[in-house]
Amino acid sequence: MQTGAHDRILAAIRAIPRGQVAGYGEVARRAGLPGRARMVARLLSHNDDRRLPWHRVLRSDGRIAFPADSPQFAEQVQRLRTEGVRVEGGRVRGIRAAPTLDEQVWGTPG
DNA sequence: CTGGTGACAAACT
DNA sequence: CAGTTTGCCACCA
């Protein structure tokens, strides 16, 4: 069977290690869909799977993709902090939303 | 078909 | 740094 695009996206999201994060564009790239960051976003907006680590997906600049006053924002922050991710001012500190997860694998420079 | 929208990104100011 | 503009693609009225 041919893996659908959304299946690869979901797989890429599930592949994000615990305690780490990835950007929408990064997820799309790992799913073999460069430039389809918005497709990832649309998929997550329609997703209802609670087991999916959606909270590990951030914007490219490390910001949370929800308004700071939204309940989803609060839940994402709480989930990230539970995994040891430092979140401050609605943005993830420490680990940058690396353009490529390879950098995280090999040790993020800087 | 056109036009508007969105859990976005990169370049630019 | 932050704010704006442009490019992008899937979906819908």
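Below, chains carry the letters A, B, ... as their sequence lines are ordered, and counting in each starts from 1.
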Verdict with reasoning, A:Leu44 to A:Ile13, per side chain to side chain contact (heavy atoms under 4.5 Å, CB included): CA-CA 10 Å; A:Leu44 283 180; A:Ile13 294 176; 3.8 Å; yes

Trace of the side chain to side chain contact (heavy atoms under 4.5 Å, CB included) decision for A:Ile16 with A:Val27: CA-CA 9 Å; A:Ile16 304 174; A:Val27 169; 4.2 Å; yes

From CA spacing to verdict: side chain to side chain contact (heavy atoms under 4.5 Å, CB included), A:Ile64, A:Leu58: CA-CA 5 Å; A:Ile64 306 269; A:Leu58 311 171; 4.0 Å; yes

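Contact check for A:Arg36 versus A:Pro34: no side-chain heavy atoms found under the 4.5 Å cut-off. Contact check for A:Asp49 versus A:Leu10: no side-chain heavy atoms found under the 4.5 Å cut-off.
Side chain of A:Arg18 to main chain of A:Glu83: no donor-acceptor pair is present (N/O by atom type, distance under 3.5 Å, no hydrogens or angles).
Rounded to a whole Å, the NE2 atom of A:His6 is 18 Å from the C1' atom of B:dA7. Atom NE2 of A:His46 and atom P of C:dC9 are 19 Å apart (whole Å). Computed from coordinates, the A:Glu26 CD to B:dA7 P distance equals 21 Å when rounded to whole Å. The nearest whole Å value for the distance from the CG atom in A:Leu33 to the P atom in B:dC8 is 17 Å. Put simply, CD on A:Glu75 is 16 Å from P on B:dA7, counting in whole angstrom units. As rounded to whole Å, 12 Å separates atom C1' of C:dG3 from atom CG of A:Asp61. As a whole-Å value, the separation of A:Met39 CE from C:dC9 P is 12 Å. Rounded to whole angstrom, the span from the CG atom of A:Asp49 across to the P atom of B:dA7 amounts to 19 Å.
Here C:dC9 is the nucleotide among C:dC9, B:dA7, B:dC8 with the atom lying nearest to any side-chain atom of A:Arg36. Taking only side-chain atoms of A:Leu44, from C-beta outward, the nucleotide of B:dA10, B:dC8, B:dA7 with the closest atom is B:dA7. Looking at the side chain of A:Arg63, the nearest of the listed nucleotides B:dA7, B:dA10, C:dA2 is C:dA2.
Between A:Arg79 and A:Glu75 there is a salt bridge, since at least one side-chain N of the basic residue sits less than 4.0 Å from a carboxylate O of the acidic one.
Positionally, the nearest nucleotide of DNA chain C for A:Arg91 lies more toward the 5' end than for the other of A:Gly35 and A:Arg91.
Across the P atoms, B:dA7 and C:dG7 are found 22 Å apart, a figure rounded to whole Å.
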Using a cut-off of under 3.5 Å, enumerate the N/O to N/O pairs linking the protein to nucleotides 11-13 of chain C.
from	atom 1	to	atom 2	distance (Å)
C:dC11	OP1	A:Arg42	NH2	3.4

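Contact annotation: side chain of A:Arg38 to base of C:dC8, donor-acceptor pair present below 3.5 Å.
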